[in-house]
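This report concerns only the one structure given below.
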Amino acid sequence: MQKSELKPILEALIFVADEPLSISQLREVFPEEDAGFVKECAEEVMHEFNQFHRGMEIRAVADGYRITTRPEHHEWVRQYLKVKPSAKLSLAALETLAVIAYKQPVTLAEILEIRGLKSTSAVKTLLDKKLIETRGRKKVVGRPILYGTSKEFLVHFGLKDLAELPTLEEFEELIHDQTS
Amino acid sequence: MQKSELKPILEALIFVADEPLSISQLREVFPEEDAGFVKECAEEVMHEFNQFHRGMEIRAVADGYRITTRPEHHEWVRQYLKVKPSAKLSLAALETLAVIAYKQPVTLAEILEIRGLKSTSAVKTLLDKKLIETRGRKKVVGRPILYGTSKEFLVHFGLKDLAELPTLEEFEELIHDQTS
Amino acid sequence: MDEKTSVSQVESFSDVPESLRVKLEIFEGPMDLLLHLIRKQEIDIYDIPIARITEQYLEYLRIMKELNINVAGEWLVMAATLILIKSKMLLPPDPEVPGTPLEEDPRMPLVQQLLEHQKFKSAAQMLYERETVELSVWGNPKTEFQDEEEGIVSANVFDLIKAFHEIVQRFRDRIVMDVEHESITLEQKLLELRSLLALQPVIYFSSFFQRRISKMHLIVTFLAVLEMARLREINVFQNLTYDDIKIAKVQA
């Protein structure tokens with residue numbers, strides 16, 4: 001298929017998909033096309049789209065592409081939709097989530113050790129919000145459940161993948177800069 | 001408001017609206033703006049959008065504006081929806097699957113007793129989705145069919161084996177915690 | 001600690017007198033308090049004056065107790081750790097013990113723990129900022145091509161256990177409702193408990209009393225539990241003195 005033929009279709013599919021559309025999902029629609037070629041086209045669609053548009057944008061999140069409004073228009077969108085700002089996660093939930101994101105897969109006991117706090121109810125909240133999920137059991141006594149972040153986590157925080165998170169070492173440098 | 005400021009917002013609002021967006025609805029968001037001016041901007045947004053895009057279009061329908069895919073791509077959109085992984089279950093199917101997962105092998109009558117609800121069509125759905133399978137017959141009067149989860153079930157939920165399923169006790173620990 | 005958070009957390013303790021509310025900040029955990037004390041006094045984290053910090057820490061605990069704020073176990077663990085470090089600092093290096101040429105600073109494990117904690121706090125802050133941005137964008141709401149079935153959920157393992165738990169709760173409620181109208185015998189209650197334990201190998205004793213039930217029913221339930229324990233069908237145990245009592249089916 002020609003680029004000029006494929007690109008509009010990709011745009012249409014990113015638009016109708018109800019979750020970030022990944023290259024592997026696109027490959028299932030176009031099994032004859034090379035993955036590299038599909039990715040190249042999708043990247044071009046994204047860049048051209050974002051150059052042209054001021055009201056919407058295509059973003060690379062959770063290993064896929066998704067169309068959203070731009071953050072700077074949030075007040076107008078809220079006013080039209082008549083919605084209040086959504087509830088944010090509590091500090092306890094965010095800290096627990098940070099531990100899980102950086103130490104995954106991780107058990108409840110390990111989270112307790114790092115945070116110095118029992119974090120069961122924060123874990124429950126994060127499970128309810130589908131930001132984390134179970135990842136089998138650890139091969140130690142008691143075989144405790146392991147937890148890791150979900151795809152929803154990437155979408156919720158606008159991350160392309162886990163590698164996009166700053167490393168813990170980068171935070172360490174930040175702390176050193178502050179304390180010295 | 002300047003045209004250059006208003007137009008991107010109009011585009012964003014047409015995108016987030018779940019029905020065709022009329023000029024009078026837009027006027028509610030921008031009560032200070034003249035209706036003629038808002039309409040002029042909306043028309044410009046539509047024409048520019050349609051000139052640029054090959055994958056989606058803004059259409060003026062039923063006295064409003066909406067964004068849709070183009071008809072010539074509908075075959076591909078249908079193709080995508082067909083291959084789209086469907087991890088989704090109705091509540092009845094989810095409950096029935098939960099009973100089967102935790103009490104397998106189990107008969108229809110036993111599922112009815114535990115759920116307190118008839119589950120015949122949910123069982124059929126789960127068989128169709130290949131999440132459960134038959135496991136011979138129970139050696140009681142009437143020799144009813146026994147059901148259990150399939151290998152597909154493990155793959156679908158990312159489990160290595162059934163022992164990875166959280167137990168009721170582990171779940172209750174999560175919800176009984178009152179510490180934070 | 002983020003100033004905004006401490007204020008809102010203090011506000012949740014409405015029984016704290018106004019005069020004390022200003023002074024007392026509520027910290028999420030012992031490490032948050034320690035970091036706060038260190039930062040406020042501009043202390044070098046690698047050279048913590050352990051005696052002073054311990055004293056301030058214990059003082060804070062004392063105020064918490066005075067205000068009847070529940071002091072959870074982790075606060076006491078940290079207090080013990082601080083006291084232990086303090087006493088180790090007072091000991092002169094033991095010349096009799098060979099093989100310890102480089103005397104390790106007894107504060108180091110705590111310092112490492114605090115630095116680690118600090119990193120995760122920064123990570124949480126980063127997540128907070130990202131979340132703020134993400135909550136200001138919207139995706140495509142149009143549903144023309146989406147599933148038509150009602151009440152569809154995208155299920156994971158947690159949804160399964162949640163659904164099963166829900167079913168077990170309903171089952172238990174049905175049992176309780178059935179007996180509200182009539183008098184209950186010990187035999188009936190035994191049958192009910194057995195079928196409940198077939199579904200759920202472990203039951204919390206308190207879960208029987210979540211519904212409004214008669215005193216008669218309560219007593220019979222208690223007798224049935226005792227009877228089953230006597231018959232060794234169940235084990236009854238408690239992790240801590242005032243903890244909920246757990247009833248576990250004896251595996252055949």
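Lettering follows sequence order; numbering is per chain, from 1.
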What part of Ala198(C) lies closer than 4.5 angstrom to a heavy atom of chain B: side chain, backbone, both or neither? backbone
Proximity breakdown for Lys162(C) and chain B, heavy-atom pairs closer than 4.5 Å: both
For atom [atom1] of [X], decide whether the heavy atoms of other residues, nucleotides or ligands shown that lie under 6.0 angstrom number more than 12.
X: Phe237(C); atom1: CZ; result: yes
X: Lys118(B); atom1: NZ; result: no
X: Glu66(C); atom1: CD; result: yes
X: Gln51(B); atom1: CD; result: no

Applying a criterion of heavy atom separation less than 4.5 Å, what residues of residues 103-111 of chain B form contacts with chain C? Lys103(B)
Rounded to the nearest 0.5 Å, how far does CG of Asp159(C) lie from CD of Glu95(B)? 11.5 Å
Roughly how far, to the nearest 0.5 Å, is CZ of Phe15(B) from CG of Asn140(C)?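 Reported value, rounded in 0.5 Å steps: 4.5 Å.
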pair [X]-[Y]: side-chain heavy atoms closer than 4.5 Å:
X: Phe158(C); Y: Leu174(B); result: yes
X: Phe171(C); Y: Arg115(B); result: no
X: Ile161(C); Y: Leu168(B); result: yes

Between Leu160(C) and Leu94(B), which heavy-atom pair has the shortest distance, and what is it?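 For Leu160(C) and Leu94(B), the tightest heavy-atom pair comes out as CD2-CD1, 4.0 Å.
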If you look at every heavy atom in His165(C) and Ile175(B), which pair is closest and at what distance?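 Scanning both residues completely, I find the closest heavy atoms to be CE1-CD1, 3.4 Å.
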Tell me, out of Gly73(C), Ala248(C), Gly139(C), who's got the most heavy-atom pairs with chain B below 4.5 Å.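 Looking at each option in turn, the highest pair count goes to Gly139(C).
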Picking from Val157(C), Ile203(C), Val168(C), which has the most non-hydrogen pairs under 4.5 angstrom with chain B?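 Top count of heavy-atom pairs under 4.5 Å with chain B: Val157(C).
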Set of ring-ring contact (aromatic ring centres under 6.0 Å, His included) partners for Phe30(B), sequence neighbours left out: Trp76(A)
What side chain to side chain donor-acceptor pair (under 3.5 Å) pairs are there with at least one residue in residues 224-236 of chain C, not counting sequence neighbours? Arg194(C)-Glu233(C), Glu227(C)-Arg230(C)
Any donor-acceptor N/O pair, Arg170(C) side chain to Gly116(B) backbone, under 3.5 Å: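 The answer is no, because no donor-acceptor pair under 3.5 Å joins these two groups.
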Applying salt bridge (charged side-chain N to carboxylate O under 4.0 Å, His left out), can you list everything that pairs with Glu5(B), at least two apart in sequence or on another chain?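 So Glu5(B) forms no salt bridge (charged side-chain N to carboxylate O under 4.0 Å, His left out) with any residue.
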For Phe171(B) and Phe164(C), I'd like to know if the aromatic rings sit close, meaning centre-to-centre distance below 6.0 Å.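 Judged by ring-centre distance (under 6.0 Å), Phe171(B) and Phe164(C) do not meet the cut-off.
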Side chain to side chain contact (heavy atoms under 4.5 Å, CB included) between Gln200(C) and Glu172(B): does it pass, once the steps are laid out? CA-CA 11 Å; Gln200(C) 185 179 17; Glu172(B) 296 212 322; 3.1 Å; yes
